[in-house]
Amino acid sequence: PADHPQISQLAVEDLDNDMIPEAVIASYDGHVLCVEGNDGSLQWHRNLDFKINNPRLELKQITDDPGLELALTVSNRVSWSYLGGSGRINNIRDPSVLVLRSDGARAWIASRYDERNRGGHNTWAEDVNADGFSEVFAIGDQKLVGFDTSGAQKFTLPVRNGDHPDALTVGPWAGPTSQILH
């Protein structure tokens, strides 16, 4: 259904704990689709009131709601450019973090978490405090912003020399902290 057909990577997990994996895909123009893994039937389709800027999707246990959730970077202040004939968002301003439940309903939104952000891009979910629920991380203006499972902003970490990282790695670190976020 996308007007701008650039889409995310496919995320495949058992969203609703029925022992059958579902596939989730999102288009930059605000469509999120969930497809049943065993027969390809459409489970749900959400046409969000936002544009989405997530090329990579993760399905994680973020809230205490049953099933897995999807965290997205969204906004309606975007600039479209066309590179090689395909539509692409190259600039997203005033982003929000939106978390969707396993049925596609909104779990929470952290609206306009960083108004200076000009490169909002990926959103990650990782259980960094080992409590069984994933915290959500998003790009800010030369910083990484962390949210708890209810959407409350918990901290920011500076990211020098760039505001558009493509990966987040979580785990023990033995090196000097000055080299973590470059």
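Every pair passing salt bridge (Lys or Arg N to Asp or Glu O under 4.0 Å) that includes a residue from residues 58-75 is listed here, sequence neighbours excluded: Arg56-Glu58, Lys60-Glu126, Asp65-Arg101.
Residues forming a side chain to side chain contact (heavy atoms under 4.5 Å, CB included) with Asp39 (at least two apart in sequence, or on another chain): Glu36, Ser41. Ala138 is linked by a side chain to side chain contact (heavy atoms under 4.5 Å, CB included) to Val97, Tyr113, Phe147, counting only residues two or more places apart in sequence or in another chain. Contacts of Asp148 classified as side chain to side chain donor-acceptor pair (under 3.5 Å), with partners at least two apart in sequence or in another chain: Ser150. Scanning for side chain to side chain contact (heavy atoms under 4.5 Å, CB included) contacts around Ser102 gives Leu15, with sequence neighbours left out. The salt bridge (Lys or Arg N to Asp or Glu O under 4.0 Å) search around Arg112 returns Asp94, Glu115, not counting sequence neighbours. By the side chain to side chain contact (heavy atoms under 4.5 Å, CB included) test, Thr149 pairs with Phe133, sequence neighbours left out.
Taken from NE2 in His31 to CZ in Arg46, the straight-line distance is 13.0 Å, to the nearest 0.5 Å. A distance of 15.5 Å separates OG1 of Thr73 from NZ of Lys51, quoted to the nearest 0.5 Å. If you take CZ on Arg106 and CG on Leu48, they are separated by 8.5 Å, rounding to the nearest 0.5 Å. Note that CD1 of Ile20 and CG of Asn38 are 4.5 Å apart. Values are rounded to the nearest 0.5 Å. Atoms CG and OG1, from Leu144 and Thr156 in turn, are 9.0 Å apart once rounded to the nearest 0.5 Å. Annotation: the span from Leu98 atom CG to Ser75 atom OG amounts to 12.0 Å, rounded to 0.5 Å.
Of the possible polar contacts, none joining the Asp16 side chain to the Gly67 backbone as a donor-acceptor pair under 3.5 Å is found.
Looking only at side-chain heavy atoms (C-beta outward), Leu72 and Val32 come within less than 4.5 Å of each other.
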